[in-house]
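Reading through the structure tokens given below for one structure.
Hydrogens, waters and symmetry mates play no part in the numbers below; they use all other heavy atoms, side chains included. None of the values given here were measured: they were computed from a predicted structure.
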Amino acid sequence: MSKSSRYEWRDQQAALQERMKGFLQNPNNEQLEAVVADMRAYAAAAQAGTIDIPERFIAFS
């Protein structure tokens with residue numbers, strides 16, 4: 001996995017987490033649909049092989 005692919009994956013994860021935080025702070029159908037749409041798009045990209053997913057991931061929070 002190239003460095004740019006890793007950064008792209010990290011950015012996608014961060015965007016998905018932010019969307020999830022927004023839903024948890026303001027749970028409504030609009031936020032829920034947005035989270036589900038993002039998750040479906042991520043899953044579809046992973047299945048199609050258009051995104052690289054690291055074999056292992058270590059988070060430092």
Quiz item: What are the two closest non-hydrogen atoms of Phe23 and Val35, and how far apart are they?
Solution: CB-CG2, 3.8 Å

Exercise. Please indicate whether Asn29 has more than 12 foreign heavy atoms, meaning atoms of other residues, nucleotides or ligands, lying under 6.0 Å from its CG.
Key: no

Quiz item: Got a second to check how far Gln31's CD is from Met20's CE, nearest 0.5 Å?
Solution: 11.0 Å

Exercise. Identify the residue among Asp38, Leu24, Val36 that makes a side chain to side chain contact (heavy atoms under 4.5 Å, CB included) with Arg19.
Key: Asp38

Quiz item: Which distance, rounded to the nearest 0.5 Å, do you find between the CZ of Arg40 and the CD of Glu33?
Solution: 7.5 Å

